[in-house]
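Here's the structure, in structure tokens; my notes come after.
Side chains are part of it too, since the values below use all heavy atoms of this structure and drop only hydrogens, waters and symmetry mates. Residues: numbered from 1 along the sequence shown.
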Amino acid sequence: DSLVKVLLKILFKHSFFLLISFLVIIGFFLRLIYLGEIPAVMHRDEVAIAYNAYSILETYRDEWGQFLPVIFQSFGDYKLPGLIYSTALGIKFFGLNPFGARVVTAVLASVLIPVTFLFTRELYKSRFISAAATTFLVFSFWHISGARNIYEPMVALTLAVLSYATLFKVSQNKVYLLLSIFFFSLSVWFYHTPLFLYPILFLVWGFHLRKKILRRELKWWLGAFMCLLAIVAINTQAVATLNQSRGETILFFSQELHDQHQSSLQKFWQAGVPLYPVFTVGQRGFQLSYYFFQGYVKGISPDFVFFAGGNNYWHNLRSIGFGNSNPVLLPLFVLGIVYAIRNRKDLSNSFLLYVLILSPIPNALTVDSPNINRLLDFHFLILVYAALGLYFLYTEKFFQSGFAFTVQRVMFLCVVLAYIGVAGQFLASYFLTFNFSLHPTWNEGVPELMDEVVTQKDAFDKVVFLNVTAKPHIFYLFYTGYSPDRLHTLQQSGEEHTQRVENVFFGADESLYDLETERILFVEPAKIEREHTIFSIEDWQGKKLWQGYEVNSEAVLIN
């Protein structure tokens with residue numbers, strides 16, 4: 001009896017710690033379970049990152065033969081190095097397979113769960129708020145689905161929140177400036193959003209603490225600012241090729257907006273309006289301001305956040321009927337903002353409001369908004385503010401009468417039950433039906449297709465992929481585990497691996513085929529019924545996805 005009492009006393013004393021530990025374990029579990037099987041296939045960017053990581057692991061060179069590059073050429077989109085080098089670690093321990101390729105992203109993304117608890121606990125000193133924010137993240141739609149892909153913005157978010165948390169702690173101890181700058185310096189090698197967001201937050205927060213800084217911390221802040229400028233300069237210079245390739249998406253460098261501006265000026269000129277320099281600049285300023293405001297509003301619109309998601313089916317949940325966030329959080333998010341504004345003199349609320357206002361800026365600066373890749377900071381803040389709103393609903397007396405307060409408590413209970421219901425439905429849909437609802441851009445059946453090609457290719461002189469998918473070479477290299485050493489040897493002999501790997505060709509060039517003397521296996525989407533079919537790949541409903549067929553000398557090749 002005494003032992004039971006002691007155990008119960010320990011459990012009661014440490015119940016909150018056990019609760020948070022349980023939440024963290026559940027969070028890691030939801031992001032790691034069946035990681036290699038849900039989603040059932042890897043999308044193009046995942047496969048590119050994974051194969052380049054494998055190539056680095058095996059040869060210290062990327063798929064193009066570049067020695068330990070800072071920027072990876074990949075498809076010509078020039079990927080940042082952080083996640084590629086990190087992914088190599090997972091492949092080393094678990095092999096070149098979907099689980100080994102995805103596990104590093106899942107673990108690093110899951111680290112955000114305990115970080116969220118520590119951050120919110122530091123902000124508000126409230127067990128309720130920190131537990132609620134942690135719970136919301138554990139069961140977050142966008143975080144669960146994003147962490148289960150090889151997804152650069154998800155890892156960058158973990159590092160970004162660490163940089164915010166330590167920047168907030170600067171108000172207590174200036175040494176945290178070093179940690180904050182350190183986490184920022186890591187984040188920019190995974191994704192570019194922190195590069196647009198953190199420097200502004202650094203300046204805004206420094207201005208907010210200016211009285212304290214001017215009295216005794218000016219040298220620390222000036223030193224940190226110089227480090228910040230150096231990091232931005234080094235990163236910008238190192239990734240200049242990437243910035244050039246993606247500059248078209250930024251408002252200021254968009255050729256489409258530039259042409260639109262020139263067309264507008266031409267119309268004014270035709271109408272007889274004198275085009276003074278101030279008028280020309282004013283027109284350009286109005287255009288950029290208009291598109292910036294439009295992108296800002298689109299990024300925070302409830303329809304995008306809670307119901308529709310973006311247009312990229314790799315990073316939205318439309319196929320199973322969900323937006324990026326639990327819609328029950330919407331009223332709690334609004335309540336949380338009301339709570340923060342009412343208590344804005346509090347240092348924690350001021351800091352959080354600054355981050356909230358700034359977080360949509362990276363998305364607003366681009367022409368393809370809304371894009372969830374650049375809005376993960378905002379989505380994270382929705383969870384924190386929703387936790388504030390839940391606390392507000394539970395503790396604040398909106399009305400003085402006892403009956404009204406009872407109604408308020410009933411509302412609180414209804415919100416909690418509604419959240420649990422929607423979250424449960426999401427988990428069931430994601431883990432049980434997602435693989436049966438994949439959008440065509442996922443290229444369902446490609447792993448099985450590549451296995452079949454490997455089985456068949458030695459029986460043919462050539463294998464030719466016809467319109468199978470964008471960048472089919474990278475799927476072939478990854479799913480066949482093609483040796484990077486052999487790939488680099490082929491490149492040295494002048495072979496372009498995006499067009500051909502040994503006797504496997506990617507794309508239709510009839511000048512390369514001799515149907516009179518060669519046996520050729522053509523591989524394509526199963527849209528047309530072909531004679532001489534060698535194999536076909538079907539989905540879970542038995543519908544043909546891909547097929548391989550042989551063409552004889554009398555056949556007509558139809559692309």
Side-chain angles (χ1 to χ4, degrees), residues 16 19-20 23-24 27 112-143 157 160-162 164-169 171-172 197 201 204-205 208 299-302 305-306 323-360 375-399 405 408-420 422-423:
F16 183 70
L19 170 65
I20 298 302
L23 284 173
V24 171
L112 184 60
I113 298 170
V115 169
T116 298
F117 168 74
L118 296 172
F119 181 36
T120 51
R121 188 67 189 274
E122 182 63 34
L123 281 170
Y124 293 105
K125 315 297 183 186
S126 166
R127 289 187 170 188
F128 186 106
I129 295 173
S130 57
T134 306
T135 301
F136 290 156
L137 182 63
V138 166
F139 299 105
S140 164
F141 300 176
W142 60 268
H143 198 268
L157 178 66
V161 173
L162 281 167
Y164 304 154
T166 45
L167 184 62
F168 174 74
K169 288 278 287 183
S171 59
Q172 302 169 27
L197 182 55
L201 179 64
V204 169
W205 191 234
H208 187 89
I300 64 176
S301 68
V305 174
F306 296 98
N324 289 319
S325 293
N326 191 321
V328 178
L329 298 180
L330 176 55
L332 296 178
F333 173 56
V334 175
L335 273 178
I337 293 176
V338 171
Y339 176 88
I341 292 175
R342 284 180 55 175
N343 299 278
R344 61 187 176 277
K345 291 184 179 179
D346 185 50
L347 204 61
S348 56
N349 286 318
S350 297
F351 182 80
L352 211 58
L353 283 169
Y354 290 145
V355 184
L356 178 68
I357 293 168
L358 295 173
S359 60
L375 284 163
L376 291 186
D377 298 81
F378 177 72
H379 280 65
F380 170 76
L381 289 168
I382 288 173
L383 306 181
V384 178
Y385 273 101
L388 273 178
L390 192 66
Y391 175 78
F392 190 30
L393 182 62
Y394 184 75
T395 60
E396 191 81 7
K397 277 194 174 183
F398 296 155
F399 306 100
F405 190 61
Q408 184 179 328
R409 286 300 174 90
V410 172
M411 288 173 57
F412 171 84
L413 181 61
C414 289
V415 167
V416 171
L417 292 176
Y419 176 82
I420 293 172
V422 176

TODO: Test F333 against F136 for ring pair (Phe, Tyr, Trp, His ring centres under 6.0 Å), laying out the working first.
DONE: CA-CA 12 Å; F333 173 56; F136 290 156; over 10 Å; no
Are side-chain heavy atoms of [X] and [Y] found at a separation under 4.5 Å?
X	Y	result
N324	L375	no
Y164	L197	yes
S325	F141	no
F119	V384	no
L329	Y385	no
I382	F306	yes
L390	Y394	no
Y124	L352	yes

- [ ] Given side chain to side chain contact (heavy atoms under 4.5 Å, CB included), test L356 with I337 step by step and report yes or no.
- [x] CA-CA 10 Å; L356 178 68; I337 293 176; 4.1 Å; yes
- [ ] Step by step, work out the side chain to side chain contact (heavy atoms under 4.5 Å, CB included) result for L332 and Y419.
- [x] CA-CA 11 Å; L332 296 178; Y419 176 82; over 6 Å; no
Distance, nearest 0.5 Å, that separates [atom1] of [X] from [atom2] of [Y]:
X	Y	atom1	atom2	result
L137	T116	CG	OG1	4.5 Å
E122	S130	CD	OG	11.0 Å
K169	L123	NZ	CG	10.5 Å
L157	L162	CG	CG	9.5 Å
I20	I113	CD1	CD1	11.0 Å
L376	H143	CG	NE2	8.5 Å

- [ ] Verify, without hydrogens or angle tests, whether R121 (side chain) and L118 (backbone) share a donor-acceptor contact under 3.5 angstrom.
- [x] no
Open item on the list: Set out, in order, the CA-CA distance, both residues' side-chain angles and the distance that settles side chain to side chain contact (heavy atoms under 4.5 Å, CB included) for L383 and W142, then state yes or no.
Closed with: CA-CA 11 Å; L383 306 181; W142 60 268; 4.0 Å; yes
Could you tell me which non-hydrogen atom of [X] sits nearest to which non-hydrogen atom of [Y], and how far apart they are?
X	Y	value
L353	R344	CD1-CB, 4.1 Å
Q408	F392	NE2-O, 4.1 Å
L388	A340	CD1-CB, 4.5 Å
A132	A387	CB-CB, 3.7 Å
P302	L330	CB-CD2, 4.3 Å

- [ ] Given side chain to side chain contact (heavy atoms under 4.5 Å, CB included), test D377 with V355 step by step and report yes or no.
- [x] CA-CA 8 Å; D377 298 81; V355 184; 5.7 Å; no
- [ ] Kindly assign one of parallel, tilted or perpendicular to the pair W205 and Y354, based on the angle between their ring planes and the thresholds 30° and 60°.
- [x] perpendicular
Open item on the list: Is it the case that atom CZ in F117 sees more than 12 heavy atoms from other parts of the structure closer than 6.0 Å?
Closed with: yes
Open item on the list: Applying the side-chain contact (heavy atoms from CB on, under 4.5 Å) criterion to T134, which one of I129, L23, L19, L112 satisfies it?
Closed with: L23
